[in-house]
Amino acid sequence: METQGKNGIISKAKNTLSLVKEYWYEPAKGNYIPYKEVASLSGAGFGVHWITLLASTIGLDASNFLVGASIGLKPMDLSIMLIVANLVGIPIGIFRSWYYDNHKLEGGKFLPFIRRTGLPIVLISTIFVWLPYENMEYLTKAIVVWFMYMLLNIFLCFYSESYTYFQQIITPNAQERANVMSISQVIYSFAPTVTGLVIPLVAGLTWGLNSIWTYRIIYPIFTFVGLIIGTIFFRKVKERLILPKKKPEPVRMLDAIREVAKNKYYWIIQSAAWIVFLEAGYGVILSWSFVYSHGGEYQEMLGVANTVIGNAGLWSMLLCPFAIKAMGKRNLLITANSVNIVFLLILYFTYKNLILLCILWYINTFINTFWNIVQHQISADMRDYHQWKTGVRVDGLFGPLGIIGTVIGFFTGLVYPAIYEKMGLLDDYNVLYDDNIRNNLFEILILCSALGALLNLIPFCFYDLTENKHKAYVGVLRIRAMFENYSLGELEEGELEDAMEIIVEARELYNKEKTPITKGMSKEERKKAKGRNLAIERSAIIMQDVYKFSTEAGEKRISQARQDVENGCIYLYDNADELLRMAKAMPKRTLKEKEIRSDAIKNARIKKRSARLLRKYGADSIKAPNESVQEEILSREATSFIESMKIKRELNAYLKMVSIYTAIVKPYTDAQNILTQFENYTHYEELENRYFQLCEAKKAEI
């Protein structure tokens with residue numbers, strides 16, 4: 001048996017190596033990323049995390065050793081500084097969000113920001129730790145810390161957000177994305193493992209974690225090495241978005257926000273993010289226990305504890321793709337959060353024992369790593385859903401609505417600092433050596449975190465974007481891109497094959513009965529039946545899009561579109577209010593009736609807004625935008641930040657004019673788009689014949 005087990009492990013290892021070798025330069029069928037690029041992405045992630053782990057520790061937070069214990073700023077002062085920083089950061093964040101979706105930098109949508117912002121982060125963070133805080137007055141020290149924090153975060157937010165968004169568009173295949181992120185996270189997780197081990201050891205041998213001199217040695221070394229590693233590997237990766245080959249139009253912020261606000265999954269994810277601050281309160285307990293309990297004699301062991309505990313995340317990263325496949329992202333999130341609640345309740349009674357604390361923290365790290373991986377996955381799925389729903393790809397412009405979370409954070413950010421000060425922790429962190437003060441504080445933090453974990457679980461009970469739905473939505477995006485690229489004369493054979501394979505499978509299974517899964521089935525039969533049933537579910541979404549113009553609702557949509565086109569580009573819909581009342585009064589008993597009613601309400605609201613704007617600005621003042629003006633603005637090369645802001649203002653003014661004009665003529669342009677899409681879809685048989693000819697040609701070659 002032992003020999004068979006060893007042989008099985010050796011056989012699996014050989015198979016894995018064989019797969020890596022086979023798909024090193026070209027991905028497997030149905031996938032998009034070769035293993036060579038996965039390796040490059042992993043190396044790039046290592047560099048990113050080595051930079052951001054240290055740079056992000058420069059935070060305005062009382063639990064932060066650097067600005068709290070080392071520099072000596074009070075918890076409540078830090079919270080007020082953070083609120084001011086967030087207020088100043090709102091317009092910066094809005095600009096960043098808009099710029100992601102509207103820049104003209106070469107190299108992709110997010111990669112240019114990663115390649116340009118790494119060096120400033122390294123330089124600013126190094127200068128930050130070397131400023132002479134020990135010779136400054138308290139107020140001067142606070143102002144300098146705030147200013148450097150703001151300067152650093154201008155670049156750090158671009159860097160870290162770009163990397164997060166980039167991971168979400170490396171492949172449109174959700175399961176492949178989970179697999180790739182799992183592999184890359186296993187590799188780049190060595191970055192926090194190394195820093196978690198080395199920094200406390202260096203601190204124990206030098207000045208300690210609560211001394212600025214420790215960070216003056218560590219920061220330059222680690223951040224510059226991370227920059228070099230990231231720069232090398234980011235040259236070997238690329239982005240993948242499913243978009244038609246036509247040039248994307250600039251997106252006006254208010255228009256994008258209006259559409260984003262209708263995305264229900266965005267609000268579910270955001271509402272959970274607003275609550276997560278409360279759940280995170282217990283995070284200081286491990287490090288503060290090693291540094292301040294038992295008179296601080298175990299401080300040097302914190303690095304060892306961090307390294308061992310960090311190993312738990314490795315197993316989560318390896319298992320996460322399988323867990324997602326078995327449970328689904330939603331169920332995995334709910335399970336992870338439920339286990340975290342149990343962990344916190346046990347921690348309340350055991351935190352004084354360092355060994356039990358480490359064991360519990362190991363288990364919790366294992367569980368929480370699933371959460372950290374999956375939350376990025378659902379964010380990517382949510383963006384794909386939005387593109388399917390609206391027809392517009394938006395990434396950065398989800399950001400401005402996050403201002404709501406920022407405002408909420410003004411108040412929630414004061415909760416834990418108030419608790420710290422109420423429990424006796426001010427600017428002298430040495431009070432944490434007092435067992436009574438420290439233990440009382442820890443117990444309050446644990447109870448607050450348990451409540452936060454419970455509240456954080458609730459929003460995801462309403463999250464119903466399954467992996468199978470997402471796969472169907474991505475399939476529809478590929479089909480739409482095929483039709484549009486065909487109309488542009490730029491359809492490639494690979495795009496045709498991918499899209500038609502999706503349609504052919506869906507058509508074969510459309511309206512078919514699902515296979516009942518019984519206990520008497522073998523494992524293989526059950527797996528095959530589940531796969532077929534999922535494909536049947538997808539076929540409904542896919543074929544509804546393919547046949548959308550041949551249904552009763554589709555025919556009404558075309559009829560209405562023809563009428564709106566006849567009305568002309570500029571037309572005052574005086575009866576828009578009446579149209580909306582009539583639309584709302586339509587029956588909604590069946591799915592067909594609901595679809596027709598939904599179309600009528602949407603159309604009436606568009607006409608109502610068009611009429612309101614036309615009355616406000618007058619028909620005589622409404623002129624079609626001059627695209628040459630836009631091209632001239634976009635073609636300018638900014639040589640400084642001030643010049644880039646000037647270009648942005650001019651473009652915003654132009655886009656506002658475009659937005660007004662677009663809203664007024666939207667009934668007409670929407671109607672045109674529907675008729676154009678209808679025309680594109682009439683070429684289905686032609687594309688199908690072309691696809692079958694390709695298949696026959698490939699068979700003949702074999």
Side-chain angles (χ1 to χ4, degrees), residues 36-59 64-67 70 107 110-131 148-149 151-164 166-167 181 183-209 211-237 287 300 302-311 313-314 317:
K36 183 180 180 181
E37 190 173 341
V38 175
S40 296
L41 179 67
S42 304
F46 187 95
V48 167
H49 281 73
W50 225 342
I51 293 174
T52 56
L53 276 169
L54 291 174
S56 60
T57 58
I58 302 174
N64 189 289
F65 276 115
L66 181 53
V67 299
S70 301
F110 301 112
L111 280 172
F113 299 105
I114 297 174
R115 291 165 178 160
R116 286 169 169 81
T117 54
L119 180 59
I121 292 170
V122 171
L123 294 176
I124 295 168
S125 59
T126 300
I127 292 169
F128 182 97
V129 296
W130 273 97
L131 290 171
M148 293 299 293
Y149 170 84
L151 185 62
L152 175 64
N153 273 271
I154 289 173
F155 297 98
L156 185 59
C157 288
F158 260 121
Y159 191 73
S160 57
E161 281 185 8
S162 297
Y163 180 66
T164 299
F166 166 71
Q167 291 183 93
M181 288 179 69
I183 294 169
S184 62
Q185 283 179 318
V186 168
I187 296 172
Y188 69 60
S189 66
F190 284 108
T193 300
V194 173
T195 55
L197 173 64
V198 173
I199 291 175
L201 288 177
V202 172
L205 296 172
T206 53
W207 301 277
L209 285 171
S211 172
I212 191 69
W213 282 100
T214 302
Y215 302 99
R216 286 171 177 167
I217 300 300
I218 291 167
Y219 267 73
I221 297 172
F222 278 88
T223 54
F224 271 103
V225 170
L227 177 64
I228 293 168
I229 295 172
T231 301
I232 292 171
F233 284 104
F234 270 120
R235 296 180 182 277
K236 303 175 182 179
V237 294
S287 57
E300 294 87 350
L302 177 59
V304 177
N306 281 333
T307 303
V308 174
I309 291 169
N311 176 260
L314 170 66
M317 293 170 196

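Quick caveat: nothing in here was measured; it's all calculated off a predicted structure.
Residue F113 holds its CZ atom at 12.5 Å from CZ of F155, rounded to the nearest 0.5 Å. I127 contributes atom CD1, which lies 8.5 Å from atom CG of L151 (distance to the nearest 0.5 angstrom). Rounding to the nearest 0.5 angstrom, the gap separating the CD atom in E161 from the CD1 atom in I114 is 11.5 Å. Atom CH2 in W130 sits 4.5 Å away from atom CH2 in W213 (nearest 0.5 Å). Rounded to the nearest 0.5 angstrom, T223 OG1 and L123 CG are separated by 8.5 Å. Atoms CD1 and CD1, on I121 and I154 in that order, are 11.5 Å from each other to the nearest 0.5 Å.
With sequence neighbours left out, the side-chain hydrogen bond (donor to acceptor under 3.5 Å, both in side chains) criterion links S162 to Y100. Legend: residues meeting ring-ring contact (aromatic ring centres under 6.0 Å, His included) with Y149, ordered by chain and number and at least two apart, are absent.
Residues Y163 and G45 come closest through the heavy atom pair OH-CA, 3.2 Å. Considering every non-hydrogen atom in both T126 and P220, the closest pair reads CG2-CG, 3.7 Å. In plain terms, the two heavy atoms of K236 and E37 that are nearest each other are O-CG, 3.8 Å. A pairwise comparison of heavy atoms in G43 and I229 identifies O-CG2, 3.4 Å as the closest pair. Across all their heavy atoms, L131 and R216 have their closest contact at O-NH2, 2.7 Å.
With contacts defined as side-chain heavy-atom distances shorter than 4.5 Å, the pair V237/F233 does not qualify. Between I217 and F222 the shortest side-chain heavy-atom distance does not fall below 4.5 Å. Using a 4.5 Å cut-off on side-chain heavy atoms (C-beta onward), Y159 and I51 make contact.
F166 and F234 have perpendicular rings, their planes meeting at more than 60° on a 0 to 90° scale where under 30° would count as parallel.
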